[in-house]
Amino acid sequence: MRVTPPRLNEREKLVTSENSGRDQDGATETFVAHRNLLFTVAYEMLGSAADAEDVLQETWLRWAGVDLDTVRERRAYLVRITTRQALNRLRTLGRRKESYVGSWLPEPLLTTPDVADDVELADSVSMAMMLVLETLTPTERVVFVLREVFDLGYDEIAEAVEKSPAAVRQVAHRARAHVAARRPRGVVSRTESRDALAAFQRAVETGDLQGLLDILAPDVVLLGDGGGIKQAVLRPVRGAEKVARLMLGGLVKQSAAVSLAPVQVNGYPALVVHLDGELDTVMAVRFDDGRITGLYAVRNPEKLSHMSRETALRR
């Protein structure tokens, strides 16, 4: 697929036109150069590509009005604006999730191949890790992302979240401990992930119950996100036997032509399910100790718009 280059969207272009008397060439060039980075920052903090795009628009609106002569480090300044906007939106998202129908899952991204090459970046945006980040408070999540993923200094983070460096250190320590207790156990190579997912796909396509039980961990958990628009499990389904029978039974009940295909989602191997040729579900997985411990089925069509094109992520 063709990768869409960093660019200004229509709202951002409008602000550029209205402020053409300022140093807009420099402002635009800097913003475009860092747009993929800023999107990655916002997405990791929010778990929503749509909200991350809105944060970028808000960042541009503020950046377009800045006197560049007063800015010492443009990248840091842009990250600071993005962080503050994302933190505000993160609190709003929390209220929206409270009334969400069923499980809320991060919005999947069809990522470019180079994302997987950056092991730390791929791990930080994986569906499994994004769900772990959901268990942090908004401030903990922002501090963790800036420190652990983007390696910002405590002073710089303190300025972005408007706290003292000492307070930020405490928040970072607490967030690291929280994440360490919940993140996937052990490192799974891309080859192992692909092989395990291929075995899972074969078992589903052939209706091989035992094959599914062999690849699923006994305590596997299935989460579904239909957003109240598409049918999905409303509560987590736990246990290999229940998950395997639910998945195979769901395929048998389908009157449409079902096809599964491997893709790279959020830096890791995943599956897309098409019904009669139309994208229906993105199935991401979590691996622990060589077996699948988490299955994340996103069916909400409002969350599938970024599966039509590759998204470039940057650190």
Side-chain angles (χ1 to χ4, degrees), residues 43 46-51 93-94 96-110 125-135 182 184 193 196-197 200-201 203-205 207 209 211-213 215-266 268-276 278-288 291-308:
Y43 175 74
L46 300 170
S48 164
D51 285 284
L93 264 178
R96 279 168 32 196
K97 291 172 188 175
E98 291 175 359
S99 59
Y100 197 79
V101 178
S103 300
W104 187 95
L105 292 176
E107 188 173 344
L109 301 177
L110 185 67
V125 298
S126 69
M127 293 290 278
M129 178 57 78
M130 296 292 280
L131 281 171
V132 172
L133 295 181
E134 285 293 316
T135 65
R182 293 163 177 79
S193 298
L197 198 64
F200 174 81
Q201 181 180 348
V204 171
E205 290 175 332
L209 177 61
L212 270 182
L213 294 176
I215 195 64
L216 297 176
D219 58 348
V220 63
V221 178
L222 167 66
L223 299 177
D225 182 344
I229 302 172
K230 288 287 192 75
Q231 184 177 3
V233 293
L234 296 178
R235 289 177 294 277
V237 179
R238 303 179 186 278
E241 185 86 20
K242 287 184 179 179
V243 170
R245 291 190 181 280
L246 178 65
M247 296 204 66
L248 294 181
L251 289 179
V252 169
K253 293 177 182 177
Q254 283 293 340
S255 59
V258 180
S259 65
L260 284 71
V263 293
Q264 182 173 274
V265 170
N266 289 49
Y268 274 84
L271 292 174
V272 289
V273 181
H274 289 84
L275 299 184
D276 286 337
E278 296 292 328
L279 176 62
D280 179 80
T281 306
V282 173
M283 180 75 74
V285 298
R286 168 173 171 161
F287 294 99
D288 287 281
R291 303 182 85 177
I292 295 175
T293 58
L295 285 164
Y296 313 119
V298 182
R299 298 196 70 204
N300 184 348
E302 294 179 353
K303 291 188 176 184
L304 300 180
S305 62
H306 277 71
M307 292 299 298
S308 62

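A quick note: this is a predicted structure, and the numbers were derived from the prediction, not measured.
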If you define the side chain from C-beta out and look only at heavy atoms, does anything of [X] sit under 4.5 Å from [Y]?
X    : Y    : answer
T293 : F287 : no
V282 : M127 : no
E134 : M130 : no
E278 : L275 : no

So among K230, R299, K303, which one has a side-chain hydrogen bond (donor to acceptor under 3.5 Å, both in side chains) with D225?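 Only one option passes, and that is K303.
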Which heavy-atom pair separates [X] from [Y] by the least distance, and what is that distance?
X    : Y    : value
L222 : L246 : CD2-CD2, 3.6 Å
L260 : Q201 : O-NE2, 3.2 Å
V101 : L234 : CG1-CD2, 4.0 Å
L109 : M307 : C-SD, 4.0 Å

[X] side, atom [atom1]; [Y] side, atom [atom2] - distance, nearest 0.5 Å:
X    : Y    : atom1 : atom2 : result
R291 : L213 : CZ    : CG    : 8.5 Å
E241 : L212 : CD    : CG    : 10.5 Å
S103 : N300 : OG    : CG    : 12.0 Å
L105 : Y100 : CG    : OH    : 7.5 Å

Verdict with supporting geometry, L131 and R286, side chain to side chain contact (heavy atoms under 4.5 Å, CB included): CA-CA 10 Å; L131 281 171; R286 168 173 171 161; over 6 Å; no
Atom NZ of residue position K97 - does it have more than 12 heavy atoms of other residues, nucleotides or ligands inside 6.0 Å?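 Correct, the count exceeds 12.
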Other residues, nucleotides and ligands only: do more than 12 of their heavy atoms fall within 6.0 Å of CD on E205?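 Atom CD in E205 is packed in, count exceeds 12.
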State plainly whether the residues D219 and R238 are in salt-bridge range, i.e. N to O under 4.0 Å.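 Answer for the salt bridge query: no.
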Apply side chain to side chain contact (heavy atoms under 4.5 Å, CB included) to the pair W104 and R96, showing each step before the final yes or no. CA-CA 10 Å; W104 187 95; R96 279 168 32 196; over 6 Å; no
Step by step, would you call Y268 with L197 a side chain to side chain contact (heavy atoms under 4.5 Å, CB included)? CA-CA 10 Å; Y268 274 84; L197 198 64; over 6 Å; no
